[in-house]
Amino acid sequence: MQLEKLLKEEWGLTVKKLTPVRSAWRVEAEEGIFACKFSRSNPERLKLLVEAQEYLLAAGFNRFARLVPTRTGQWLVQPQEKACLLTTWVNGEEPSYYRQRDLLAVSRVLGQFHRVACQFPAARVGQGKDKLGQWPRKLEKKKEELVQSLELARQEGNRDLFSIILLSRQKWLLEMAREAVEAVRHSPYQQLVESYQREGLAPLCHGDTAMRNFLLRLNGGQTEGWLIDFDSLAVDLPVVDLWRLLRRSLRRNYWSQPLAFAMLRSYHRERKMTREEVEVLTALLTFPEKEWRLAKAYYRQLDQLSARDKCRWAGKLLDLVAGHEDKEALLQQLPQVPLTEEYIPWLNGLGKEGADSENRRPG
C-alpha cells in the first residue's frame with residue numbers, strides 16, 4: 001500500500017494496521033499509534049502550526065495532538081497535491097452536542113487553550129494565516145452573499161420549497177445580517193484587535209471548533225478535553241473560536257439560555273472574559289451564519305439536486321427557522337451574562353453538570 005510505504009520511508013514506521021477515521025488514518029505501528037492526514041496546508045501555515053506547538057508546550061498546555069517530524073526533521077511530506085502530516089494519536093471519545101457535560105468540558109479546554117494561545121508573540125507568526133481585524137469586512141461580504149441568495153430564491157419562485165421558506169424569512173434574515181454588521185462595526189472589536197497589536201501579540205485560534213475536533217477522556221475521575229486537527233489554525237480573536245463553538249452547539253439545543261450561560265461560565269473559569277468580548281460575541285452570534293451557508297450551498301448545486309434532495313434541504317432550513325425566536329430571546333439576554341461567582345445559581349437550571357439535554361434539535 002502506498003501510504004504504508006510512505007510512512008516507512010519518511011517516518012521509519014513499521015505499520016501493522018491502517019484504519020480510516022473521518023478524514024484521517026489511524027496508524028498502528030510497532031513504534032506506537034499515530035494519526036495520518038492529507039492536508040492542503042501550505043509551508044507558511046505549517047510553519048505557524050509548528051511555532052504554535054512549540055509555544056503551547058513551553059507554556060504548559062499539552063492537551064492537543066502533536067505533529068511528528070519525519071526522520072529528516074521535516075514536518076510534512078508532499079507526495080501529491082496534498083501534503084501528508086503525522087500527529088500523535090489521542091485516545092478519547094468525540095463529544096456530543098446533546099450532552100451538557102460534554103459541552104462544558106469542551107468549553108473548559110477551549111478556555112485553557114486560549115489562556116495560553118492569546119499570548120503568542122506576533123514576531124513568530126511569519127506569513128501564517130492572519131484574520132485579525134478582518135471580521136467587519138467578512139461579515140459585510142456574507143451579508144451581500146445572503147442578498148444574492150434571496151434574489152436567486154425570488155427567481156425560483158413558487159416552484160421550489162426551499163426558496164419559498166427562505167423568502168418567508170427574508171425580512172428577519174436581512175435585519176439580523178444588517179444588525180450583525182453594524183453591531184460588530186460599532187462594538188469594541190477594533191479596540192480588542194488594537195490592544196493585542198500594541199502588546200506585540202498574535203492571539204491564536206483553533207479555527208474549527210466543531211465537536212469532531214475535540215476528544216474527551218477520563219483522568220482520575222475527571223473529564224479532560226483535548227484538541228485535534230489544527231488545519232485551520234489562524235491568528236484571530238479568541239472570541240471567534242467561542243462564537244463558532246456556541247452557534248454550533250446552541251442551535252442544536254433550542255438556543256438554550258441556561259446552556260449558553262453555563263458554557264460561557266465554564267470557559268470563563270479557565271480564561272477570564274471581558275465585557276467587551278461578550279459584546280463582540282453577541283454581535284457575531286446575531287449574524288444568521290447557518291442560513292447564509294445553507295442558502296449559498298443550495299443554490300450553487302441546485303441544478304444537480306433531485307426532488308428528494310431538495311426536500312431534505314428544505315427540511316434543514318425549516319429546522320433553522322423554528323429556532324429564530326429562541327435565538328432572538330437569547331441574544332437579548334447574552335450581554336447580561338453573569339461572569340462572576342454570582343453566576344452559580346444559573347447552573348441550578350441545568351441540574352447536575354453531567355445531565356443530558358432533554359430538548360434536542362436535529363443537527
Side-chain angles (χ1 to χ4, degrees), residues 110 114 118 128-153 166-167 169-197 202-210 232-251 255 260 263-264 267 273-300 316-317 320-321 323-335 337:
L110 186 63
H114 283 162
C118 69
K129 197 170 186 179
D130 189 344
K131 294 183 178 180
L132 202 60
Q134 295 184 20
W135 278 100
R137 179 183 58 80
K138 290 169 74 73
L139 284 186
E140 181 66 41
K141 182 180 179 182
K142 290 184 178 188
K143 185 194 74 174
E144 293 171 359
E145 291 174 344
L146 180 60
V147 170
Q148 293 170 6
S149 292
L150 288 167
E151 177 56 35
L152 292 173
L166 190 67
L167 289 172
R169 298 299 293 169
Q170 65 175 327
K171 181 180 178 182
W172 186 91
L173 291 168
L174 289 175
E175 285 179 353
M176 296 295 278
R178 289 166 182 155
E179 183 180 335
V181 170
E182 288 302 309
V184 169
R185 186 175 291 133
H186 295 102
S187 75
Y189 175 82
Q190 192 59 34
Q191 298 171 28
L192 292 173
V193 170
E194 291 172 0
S195 69
Y196 281 108
Q197 293 173 336
L204 296 177
C205 273
H206 180 277
D208 188 12
T209 47
S232 300
L233 183 76
V235 176
D236 210 342
L237 293 181
V239 74
V240 175
D241 261 353
L242 195 54
W243 164 55
R244 291 189 177 104
L245 174 62
L246 284 176
R247 64 176 169 79
R248 286 167 168 153
S249 304
L250 295 175
R251 70 178 174 81
W255 296 94
M263 290 178 69
L264 286 173
Y267 177 92
M273 292 186 71
T274 64
R275 282 292 159 194
E276 289 77 16
E277 287 179 310
V278 174
E279 185 177 341
V280 174
L281 175 62
T282 304
L284 290 171
L285 280 170
T286 301
F287 190 83
E289 177 79 11
K290 185 63 176 181
E291 292 87 343
W292 158 77
R293 191 180 300 276
L294 196 66
K296 183 179 179 181
Y298 179 77
Y299 291 110
R300 185 188 296 131
K316 289 182 179 181
L317 184 57
L320 293 174
V321 168
H324 285 175
E325 289 187 9
D326 295 329
K327 180 178 179 179
E328 281 192 80
L330 172 62
L331 290 172
Q332 290 175 3
Q333 296 298 319
L334 197 58
V337 56

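Side chains are part of it too, since the values below use all heavy atoms of this structure and drop only hydrogens, waters and symmetry mates.
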Engineer: Is it true that a side-chain atom of W243 and a backbone atom of L284 form a donor plus acceptor pair closer than 3.5 Å?
Structural biologist: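 Yes; at least one donor-acceptor contact below 3.5 Å.
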Engineer: Taking only residues two or more places apart in sequence or in another chain, which ones pass side-chain hydrogen bond (donor to acceptor under 3.5 Å, both in side chains) with H114?
Structural biologist: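 Residues passing side-chain hydrogen bond (donor to acceptor under 3.5 Å, both in side chains) with H114: D241, Y267.
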Engineer: Distance from S149 atom OG to R300 atom CZ, nearest 0.5 Å?
Structural biologist: 9.0 Å
Engineer: Between the main-chain N or O of T274 and the side-chain N or O of E277, is there a donor-acceptor pair closer than 3.5 Å?
Structural biologist: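 Yes; judged by distance alone, with no hydrogens or angles, the pair exists.
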Engineer: Counting N and O atoms only, with roles assigned by atom type, does the side chain of R275 sit under 3.5 Å from a partner on the main chain of P335, one being a donor and the other an acceptor?
Structural biologist: yes
Engineer: For A210 and R248, work out which heavy atoms get closest and say how close.
Structural biologist: N-NH1, 3.3 Å
Engineer: Just by modelled atom types, is the P136 backbone N or O under 3.5 Å from a matching donor or acceptor in the Y189 side chain?
Structural biologist: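 Judged by distance alone, no pair lies under 3.5 Å.
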Engineer: How far does NE2 of H324 sit from CG of L173, to the nearest 0.5 angstrom?
Structural biologist: 5.5 Å
Engineer: Measuring from atom CD of E175 to atom CZ of R169, what distance do you get when rounded to the nearest 0.5 angstrom?
Structural biologist: 9.5 Å
Engineer: Would K143 and E140 count as a salt bridge (charged side-chain N to carboxylate O under 4.0 Å, His left out) if you check the C-alpha gap in whole Å, the side-chain angles of each, and the deciding distance to 0.1 Å?
Structural biologist: CA-CA 5 Å; K143 185 194 74 174; E140 181 66 41; 3.1 Å; yes
Engineer: Using a cut-off of 6.0 Å, state whether more than 12 heavy atoms not belonging to R178 lie near its atom CZ.
Structural biologist: no
Engineer: Atom CG in D236, atom CD in Q134: separation rounded to 0.5 Å?
Structural biologist: 8.0 Å
Engineer: Nearest 0.5 Å, what's the CZ-NZ distance between R251 and K290?
Structural biologist: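 Going from CZ on R251 over to NZ on K290, the span is 4.5 Å.
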Engineer: When you compare the side chain of L250 with that of D326, does any pair of heavy atoms fall below 4.5 Å?
Structural biologist: no
Engineer: If you define the side chain from C-beta out and look only at heavy atoms, does anything of V184 sit under 4.5 Å from T286?
Structural biologist: no
Engineer: Grab the two heavy atoms, one from K327 and one from P288, that are nearest each other, plus how far apart they are.
Structural biologist: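 Shortest heavy-atom contact: NZ-CA, 4.0 Å.
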Engineer: Do we see a donor-acceptor contact under 3.5 Å between the side chains of W172 and E328?
Structural biologist: yes
Engineer: Which atom pair, heavy atoms only, marks the closest approach of A177 to L146?
Structural biologist: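 Residues A177 and L146, closest heavy atoms: CB-CD2, 4.0 Å.
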Engineer: What distance do H186 atom NE2 and E279 atom CD have between them, rounded to the nearest 0.5 Å?
Structural biologist: 11.5 Å
Engineer: Could you check whether any side-chain heavy atom of V235 comes within less than 4.5 Å of a side-chain heavy atom of P203, counting everything from C-beta outward?
Structural biologist: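 Sidechains of P203 and V235: in contact.
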Engineer: Minimum heavy-atom separation for L245 and T209, please, with both atom names.
Structural biologist: N-OG1, 3.3 Å
Engineer: Does some side-chain heavy atom of L246 sit less than 4.5 Å from a side-chain heavy atom of L264?
Structural biologist: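 Answer yes - side chains close enough.
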Engineer: Nearest heavy-atom pair of L330 and A260: which atoms, and what distance?
Structural biologist: CD1-CB, 3.8 Å
Engineer: Is the shortest heavy-atom distance from the side chain of E151 to the side chain of V147 under 4.5 Å?
Structural biologist: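 A side-chain contact is absent here, since even the closest heavy-atom pair is not under 4.5 Å.
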Engineer: Using a cut-off of 6.0 Å, state whether more than 12 heavy atoms not belonging to E182 lie near its atom CD.
Structural biologist: yes
Engineer: Stepwise, does the side chain to side chain contact (heavy atoms under 4.5 Å, CB included) test hold for M273 with L242?
Structural biologist: CA-CA 11 Å; M273 292 186 71; L242 195 54; 3.8 Å; yes
Engineer: Are the charged groups of K142 and E145 less than 4.0 angstrom apart, N to O?
Structural biologist: no
Engineer: Y196 versus L237: any side-chain heavy-atom pair under 4.5 Å?
Structural biologist: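 Of all side-chain heavy-atom pairs linking L237 with Y196, at least one is under 4.5 Å.
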Engineer: May I ask you to say whether E144 pairs ionically with K141, meaning some side-chain N is under 4.0 Å from a carboxylate O?
Structural biologist: no
